[in-house]
> 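Here you go, one structure.
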Amino acid sequence: MKVETFMTIREALMEASVQLENSGSPWLDATVLLSHICGQRRELILASFPDDLCDEHYQEFIKIIKLRREGHPVAYLTGKKEFFGRDFWVREGILCPRPDTEILVEEALSLIENRHYNRIHDLCTGSGCIALSLALEEPKLRVSASDISVHSEEVFYKNRETLQSPPQTEFIRTSLLETLKGPFDMIVSNPPYLTTDETVDRMKDGWKEPSLALDGGADGLDLIRIIIPEALPLLSQGGCLMIEAASSQMEKMKELMKKAEYTEIRILQDLAYRDRVIVGIKP
Ligand code: GLN
């Protein structure tokens with residue numbers, strides 16, 4: 001008589017994390033993906049180690065682990081990414097929100113409170129994670145967001161609806177600051193800032209996020225060189241520009257900000273203590 005053997009949740013996770021050893025966070029990825037398939041919270045999956053995994057879920061798990069191995073981000077596979085305590089819907093064609101960007105939101109909220117800012121714009125918004133987090137944390141703010149990508153528009157509006165962000169949070173589809181009408185008290189941005197070489201390397205590794213959201217040109221600063229001077233006339237007096245970039249780019253950005261005559265220029269670090277966000281004030 002043939003005895004059917006089942007795999008336990010623990011065994012399935014162990015097997016998957018070996019297969020994902022090059023993913024950067026194999027165990028986390030495996031548990032997040034399995035909890036997505038089982039429709040259970042991750043804590044529950046972890047508490048159910050000795051239980052059998054049904055064959056249907058196991059087959060689905062094998063398929064999704066294969067996609068992850070090929071480079072699909074976990075967020076694309078589950079359709080969501082947590083950012084600042086909320087689940088944002090993401091899909092191909094959109095940069096997945098990163099925890100590094102949360103410090104920009106935190107700092108923005110503290111400046112908004114201290115300086116009584118009201119009108120805020122998020123440039124290169126992607127999924128809308130910065131704009132919608134600010135609007136949800138401070139519903140009285142007048143927040144807008146822009147991006148050149150049509151995918152961004154779709155994802156932004158869907159997130160606005162799902163997260164029940166204030167309906168006045170509007171999206172403008174435009175290239176950088178082209179059709180924006182100020183004055184804004186604050187402009188925040190997580191623009192594409194990888195170098196072209198870094199972007200090409202990631203694509204070769206099977207990275208699935210769009211180069212439009214990553215590639216900032218030869219030194220990664222092509223868009224930032226436009227944003228810094230062009231944001232200034234759109235800011236109110238005492239208004240603030242805040243940009244995320246890589247730590248190696250901060251000194252150059254500081255120079256660009258000084259040249260454009262921003263004052264009170266500061267650099268903030270991310271959770272891994274890398275310089276990540278630059279802040280400057282319009283005098
Ligand atoms: N910080 C991102 C990364 O290193 C890049 C995001 C961006 O270019 N805006 O993957």
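Every number for a ligand or one of its atoms is a count from 1 in the order of the listing. Throughout, numbering of the chain's residues begins at 1 and tracks the sequence.
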> Do the side chains of I94 and L176 join up, straight or via other hydrophobic residues, at under 4.5 Å, putting them in one cluster?
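No, I94 does not connect to L176 through the hydrophobic network.
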> Which atom pairs, nitrogen or oxygen on both sides, join ligand 1 and the protein at under 3.5 angstrom?
{"residue": "ligand 1", "atom": "1 (N)", "partner": "Y193", "partner atom": "OH", "Å": "2.7"}
{"residue": "ligand 1", "atom": "4 (O)", "partner": "R202", "partner atom": "NH2", "Å": "3.0"}
{"residue": "ligand 1", "atom": "8 (O)", "partner": "Y193", "partner atom": "N", "Å": "3.1"}
{"residue": "ligand 1", "atom": "9 (N)", "partner": "N190", "partner atom": "OD1", "Å": "2.8"}
{"residue": "ligand 1", "atom": "9 (N)", "partner": "P191", "partner atom": "O", "Å": "2.7"}
{"residue": "ligand 1", "atom": "10 (O)", "partner": "R98", "partner atom": "NE", "Å": "3.4"}
{"residue": "ligand 1", "atom": "10 (O)", "partner": "R98", "partner atom": "NH2", "Å": "2.7"}
{"residue": "ligand 1", "atom": "10 (O)", "partner": "R202", "partner atom": "NH1", "Å": "2.6"}
{"residue": "ligand 1", "atom": "10 (O)", "partner": "R202", "partner atom": "NH2", "Å": "3.3"}

> Give the ring-plane orientation class for F88 versus F83, where under 30° counts as parallel, over 60° as perpendicular and anything between as tilted.
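Perpendicular: the ring planes of F88 and F83 meet at over 60°.
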> Does the side chain of D29 come under 3.5 Å of the side chain of S23 through a donor N or O and an acceptor N or O?
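Indeed, the side chains of D29 and S23 share at least one donor-acceptor pair under 3.5 Å.
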> In terms of the angle between their ring planes, are F49 and W27 parallel, tilted or perpendicular, with boundaries placed at 30° and 60°?
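F49 and W27: perpendicular rings.
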> Please name the residue in the list E170, H121, R173 that meets the side chain to side chain donor-acceptor pair (under 3.5 Å) test with S146.
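Checked E170, H121, R173 against S146; only one passes side chain to side chain donor-acceptor pair (under 3.5 Å): H121.
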> Decide yes or no for R119 and P183: does some side-chain heavy atom of the first lie under 4.5 Å from some side-chain heavy atom of the second?
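When only atoms from C-beta onward are counted, P183 and R119 do touch, with a gap below 4.5 Å.
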